[in-house]
Amino acid sequence: MANDALTVAVLGPGGIGGLLAGLLSRAGHRVICLAGETTAATLRTHGVRVRSGLFGDFTARVGTDTVLREPVDACLVAVKHTSLDAALDRVPPTALGEALLVPFLNGVEHPATLRARYRPDLIAPAVIRVESTRLAAGVIEHGSPFAEIDLTGEGVDRDRLDSLARTLDTAGPATRVLDDETAALWAKMSFLAPFALLTTRYGLPLGDIRTRHRDELTALVAETATVSRASGGPADPAQALARYDAFPPRTKSSMQRDAEAGRPLELDAIGGALLRAAERHGVSVPVTARVVKELADTGH
């Protein structure tokens with residue numbers, strides 16, 4: 001992967017994918033957004049329009065297609081886990097070729113799924129810390145004062161990871177390469193799971209969760225940390241609670257936003273994966289199990 005302009009496919013140009021597509025295009029890279037025909041047509045006509053306090057407001061031109069048909073240096077996967085299987089039909093393994101496949105997905109189980117479908121040494125999972133929302137096709141609102149990416153990938157050529165990290169970092173998001181894929185994924189899971197599950201369960205922003213439901217939040221953080229440690233990831237419940245306390249009180253999780261919009265929830269990818277890991281390692285997680293069951297019982 002050269003250090004000059006790259007060709008990057010973005011599967012799912014929504015809140016995360018649209019932001020990255022716009023930033024990479026503005027930085028001079030060729031971007032091909034893979035989406036359904038209606039979204040692809042809108043992007044062809046209007047480009048990606050980004051509103052961001054950090055990166056400014058801008059419009060970036062992008063290429064579009066419904067299926068990957070040409071060689072690229074990397075393919076960023078930014079769809080929800082609930083639509084992953086169908087979306088991957090847009091990226092046939094033969095079309096991916098030698099490109100890195102970089103999933104920006106919640107949960108910890110998707111790398112194994114992707115390595116069963118594509119060459120394992122091309123799968124480079126990424127974790128992104130950002131609040132970015134798709135307001136309409138091609139219209140992205142980046143609301144957080146930060147955008148940070150951890151790029152990893154066991155068995156992936158380190159030079160290729162470093163090169164892609166430099167490309168992303170130069171385009172905007174502060175990007176680093178981490179050696180321990182398991183630790184990177186569980187670090188996000190440990191923060192995301194309690195936040196997503198409780199804000200969605202009660203339909204309340206984080207500020208209300210950390211005051212009105214503090215005991216449950218503390219219990220979920222402790223249970224998740226124990227599962228993370230058993231799975232080979234980090235575990236620092238006090239740090240997690242401090243991060244929640246530092247967030248703006250009106251902060252909502254993406255799962256909560258999906259519930260409010262009537263969209264399918266990533267309950268299995270987050271809560272289900274957490275329960276499966278707990279069972280594998282013999283960890284008791286009664287509060288997590290109850291909250292996941294309550295969310296499932298409400299039709300989510």
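This one's a predicted model, so the numbers in the text were calculated from it and none came from an experiment.
We find the OG1-CG distance between Thr39 and Leu34 to be 12.0 Å, quoted to the nearest 0.5 Å. To the nearest 0.5 angstrom, Ser253 atom OG is 7.5 Å from Leu192 atom CG. Between His213 atom NE2 and Thr218 atom OG1 the span is 12.5 Å, to the nearest 0.5 Å. From Glu148, atom CD reaches atom CG of Asp169 across 11.0 Å, with rounding to the nearest 0.5 Å. Interatomic distance, CD of Gln256 versus CG of Leu198, reported as 10.5 Å (0.5 Å rounding). Once rounded to the nearest 0.5 Å, the distance linking CZ of Arg214 with CD of Glu216 reads 13.0 Å.
A salt bridge is absent between Arg160 and Glu98: the closest approach of a Lys/Arg side-chain nitrogen to an acidic carboxylate oxygen does not fall below 4.0 angstrom. Taking 4.0 Å as the cut-off between side-chain N and carboxylate O, Arg26 and Asp57 do not count as a salt-bridged pair. Note on Asp258 versus Lys80: salt bridge recorded, some NZ/NE/NH1/NH2 to OD/OE distance being below 4.0 Å.
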Let me see the working for Thr200 and Leu267 under side chain to side chain contact (heavy atoms under 4.5 Å, CB included), right down to the final yes or no. CA-CA 10 Å; Thr200 308; Leu267 183 59; over 6 Å; no

Run the salt bridge (Lys or Arg N to Asp or Glu O under 4.0 Å) test on Arg30 and Asp73 for me, step by step, so that the C-alpha distance in whole Å, both residues' side-chain angles and the decisive distance to 0.1 Å come before the verdict. CA-CA 10 Å; Arg30 181 161 181 259; Asp73 295 293; over 6 Å; no

Does the pair Tyr244 and Val221 meet the rule for a side chain to side chain contact (heavy atoms under 4.5 Å, CB included), with working shown? CA-CA 10 Å; Tyr244 294 135; Val221 166; 3.5 Å; yes

In sequence, state the C-alpha distance, the side-chain angles, and the governing distance for Trp186 and Val227, and then conclude on side chain to side chain contact (heavy atoms under 4.5 Å, CB included). CA-CA 9 Å; Trp186 273 103; Val227 177; 3.6 Å; yes

Would Arg115 and Glu181 satisfy salt bridge (Lys or Arg N to Asp or Glu O under 4.0 Å), going step by step from the backbone distance to the final call? CA-CA 14 Å; Arg115 288 183 175 119; Glu181 177 182 310; 2.8 Å; yes

Take Leu24 and Leu168 through the test side chain to side chain contact (heavy atoms under 4.5 Å, CB included) and record every step on the way to the result. CA-CA 7 Å; Leu24 286 166; Leu168 291 166; 4.2 Å; yes

Trace of the salt bridge (Lys or Arg N to Asp or Glu O under 4.0 Å) decision for Arg158 with Asp179: CA-CA 9 Å; Arg158 179 58 185 249; Asp179 292 327; 2.5 Å; yes

Could you walk me through whether Arg290 and Asp297 pass the salt bridge (Lys or Arg N to Asp or Glu O under 4.0 Å) test, one step at a time? CA-CA 10 Å; Arg290 175 178 57 77; Asp297 289 346; over 6 Å; no

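Partners of Asp236 by salt bridge (Lys or Arg N to Asp or Glu O under 4.0 Å), not counting sequence neighbours: none found. With sequence neighbours excluded, no residue forms a salt bridge (Lys or Arg N to Asp or Glu O under 4.0 Å) with Arg280.
Side chains of Val50 and Leu23 form no contact here, defined as non-hydrogen atoms less than 4.5 Å apart. Side chains of Pro286 and Glu223 form a contact here, defined as non-hydrogen atoms less than 4.5 Å apart. By the 4.5 Å heavy-atom criterion applied to side chains, Arg129 and Asp150 are counted as neighbours. Contact annotation: the side chain of Pro249 approaches that of Arg210 to within less than 4.5 Å [non-hydrogen atoms, C-beta and beyond]. Contact check for His29 versus Leu6: side-chain heavy atoms found under the 4.5 Å cut-off. By the 4.5 Å heavy-atom criterion applied to side chains, Leu20 and Ile149 are counted as neighbours. When side chains are defined from C-beta on, Val77 does not count as touching Arg90, because their heavy atoms never get closer than 4.5 Å. Between Arg201 and Thr298, every side-chain heavy-atom pair lies at or beyond the 4.5 Å cut-off.
In this structure, His142 contributes its side chain and Ser144 its backbone to a donor-acceptor pair below 3.5 Å. In this structure, the side chain of Ser231 does not engage the main chain of Gly233 through any donor-acceptor pair within 3.5 Å. Proximity of a side-chain donor or acceptor of Thr170 to a complementary backbone N or O of Arg166 within less than 3.5 Å is detected. In terms of modelled atom types and a separation under 3.5 Å, the side chain of Arg61 and the main chain of Arg44 share a donor-acceptor contact. Here the side chain of Thr211 pairs a donor or acceptor atom with the backbone of Asp208 at under 3.5 angstrom. Counting only distance, with no hydrogens or angles, the side chain of Ser163 and the backbone of Asp159 share no donor-acceptor pair below 3.5 Å. Using a distance-only test at 3.5 Å, with no hydrogens or angles considered, a donor-acceptor pair links the side chain of Thr175 to the main chain of Pro173. Between the side chain of Thr152 and the backbone N or O of Leu178 there is at least one donor-acceptor pair closer than 3.5 Å. In terms of modelled atom types and a separation under 3.5 Å, the side chain of Arg212 and the main chain of Leu204 share no donor-acceptor contact. In this structure, the side chain of Thr59 does not engage the main chain of Arg49 through any donor-acceptor pair within 3.5 Å.
Val10 pairs in a side chain to side chain contact (heavy atoms under 4.5 Å, CB included) with only one of the listed residues (Ile16, Val48, Val31, Val62), which is Val31. When each of Leu11, Leu151, Leu161 is tested with Val102 by the rule side chain to side chain contact (heavy atoms under 4.5 Å, CB included), just one qualifies, namely Leu151.
Taking the centre and axis of the six-membered ring of Phe191, the NZ or CZ atom of Arg243 falls inside the cone set by 45° and 6.0 Å.
A continuous path of Ile, Leu, Val, Met, Phe, Trp and Tyr side chains, each step under 4.5 Å between heavy atoms, connects Val291 with Tyr202, placing both in one hydrophobic cluster. Under the 4.5 Å side-chain contact rule for hydrophobic residues, Val139 and Leu19 do not share a cluster.
Few gaps surround CD on Glu260; more than 12 heavy atoms of other groups in view lie less than 6.0 Å from it.
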